[in-house]
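The structure appears below as structure tokens.
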Amino acid sequence: MLETPMSNMFDTDKLIFGIGQVSKITGVSSRQLRYWEQQNYISAIQQKKGASRQYSMHTLIKIANIQRFLRKGFTLAVAVEKAVKVARESPIIRDFVKSQLNEVRFESDDRAVIDFGFTDDSKKQHVLGIIDHGKTSFKIEDES
DNA sequence: GTTCTAACA
DNA sequence: TGTTAGAA
């Protein structure tokens, strides 16, 4: 994979967080973080014995998602499963949207239209994502 | 002051 | 899971 310097100002994957920061950010106690690690639900970055744990951005997000599912009432084991699934789906969705997204048009204070490009190679129709008063929907528009 | 491990109301 | 103890 070739580097694309201008695409991202920072490489967020290189950010590291201490256990205290992760706890403050996600609302998960340090006690829980150590326990989850012991249960192999999460893992800290390469650490020596007794050294402070450090977490990657990826792990931080995973922890935040686990917490999200816990608050929804799921058990820890299930919350972890769901977080793992999200982690697997996220890059797929992100890459797809990134490759399809053309532009976003703000048509009014509470209406925006996302242009997802052509439906196919015939290039006769556009796929539009509509956000109107918080409600979302898709729309196929003929090329004008 | 923060984090670590281990133990326990 | 929270809290506490003693060490790093």
Side-chain angles (χ1 to χ4, degrees), chain A residues 1-123 125-141:
Chain A
M1 189 71 84
L2 206 62
E3 290 295 330
T4 53
M6 298 303 283
S7 61
N8 290 131
M9 195 78 85
F10 300 107
D11 185 350
T12 57
D13 288 339
K14 286 183 178 175
L15 292 178
I16 298 303
F17 305 87
I19 192 170
Q21 303 184 311
V22 171
S23 180
K24 181 166 292 184
I25 293 171
T26 65
V28 177
S29 71
S30 56
R31 172 73 169 82
Q32 285 176 297
L33 291 173
R34 297 187 183 102
Y35 175 70
W36 294 1
E37 177 181 321
Q38 188 180 1
Q39 302 305 307
N40 290 311
Y41 289 146
I42 60 174
S43 61
I45 295 176
Q46 188 72 47
Q47 54 172 340
K48 296 179 182 178
K49 56 171 174 64
S52 299
R53 292 173 174 70
Q54 298 192 312
Y55 301 92
S56 66
M57 174 65 96
H58 181 268
T59 300
L60 172 65
I61 293 173
K62 180 178 181 180
I63 292 169
N65 281 327
I66 293 174
Q67 176 71 318
R68 229 179 79 243
F69 291 121
L70 282 178
R71 297 207 209 224
K72 281 187 176 181
F74 294 103
T75 63
L76 177 57
V78 174
V80 171
E81 282 182 17
K82 290 181 172 293
V84 169
K85 189 182 180 193
V86 168
R88 194 163 172 281
E89 299 172 335
S90 293
I92 301 294
I93 296 173
R94 187 179 60 73
D95 290 347
F96 182 84
V97 172
K98 190 171 187 178
S99 67
Q100 286 293 129
L101 182 60
N102 271 347
E103 68 164 336
V104 178
R105 296 193 291 274
F106 298 94
E107 304 195 330
S108 74
D109 287 342
D110 33 40
R111 181 184 169 82
V113 176
I114 303 172
D115 184 348
F116 284 111
F118 297 111
T119 56
D120 54 51
D121 288 339
S122 67
K123 299 181 177 179
Q125 299 173 311
H126 270 251
V127 176
L128 268 34
I130 313 298
I131 303 176
D132 205 309
H133 291 76
K135 272 188 63 74
T136 60
S137 63
F138 280 114
K139 181 180 178 182
I140 302 300
E141 183 179 72

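Each chain gets a letter, A, B and so on, in the order its sequence line appears, and its residues count up from 1.
- A 4.0 Å heavy-atom criterion places the boundary nucleotides of DNA chain C facing chain A at C:dT1 to C:dT3, written 5' to 3'.
- Closest heavy-atom contact between A:Ile66 and A:Ala79: O-CB, 3.7 Å.
- The two residues A:Tyr55 and A:Ile45 have their closest heavy-atom pair at C-CD1, 3.9 Å.
- Note on ring orientation: taking the six-membered ring where Trp is involved, the planes of A:Phe116 and A:Phe138 are tilted (angle from 30° to 60°).
- Side chain of A:Ser23 to main chain of A:Val28: a donor-acceptor pair is present (N/O by atom type, distance under 3.5 Å, no hydrogens or angles).
- Comment: A:Arg105 engages A:Glu103 in a salt bridge, judged by a side-chain N to carboxylate O separation of less than 4.0 angstrom.
- Among the protein residues, A:Arg53 comes within range of the sugar-phosphate backbone only, with heavy atoms under 4.0 Å from sugar or phosphate atoms but none that close to a base.
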message: Expected output check: what is the dot-bracket annotation of DNA chain B, where ( ) and [ ] are pairs inside the strand (brackets for crossing ones), | is paired with another strand, and pairs are Watson-Crick or G-U under 3.5 Å?
response: .|||||||.

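- A donor-acceptor pair is defined here as one N or O able to donate and one able to accept, closer than 3.5 Å; such a pair exists between the side chain of A:Ser90 and the backbone of A:Val86.
- Taking each heavy atom of A:Ile16 and A:Gln21 in turn, the nearest pair found is O-OE1, 4.2 Å.
- Residue A:Ser30 is classed as having no contact, given no heavy-atom separation below 4.0 Å to the nucleic acid.
- Counting only distance, with no hydrogens or angles, the side chain of A:Lys82 and the backbone of A:Asn65 share no donor-acceptor pair below 3.5 Å.
- Counting only heavy atoms from C-beta outward, the side chains of A:Ile140 and A:Val127 approach each other to under 4.5 Å.
- With a cutoff of under 4.0 Å to any heavy atom of chain A, the contacted region of DNA chain B is bounded 5' to 3' by B:dT3 to B:dA7.
- Taking 4.5 Å as the limit, some side-chain heavy atom of A:Trp36 sits within range of a side-chain heavy atom of A:Leu76.
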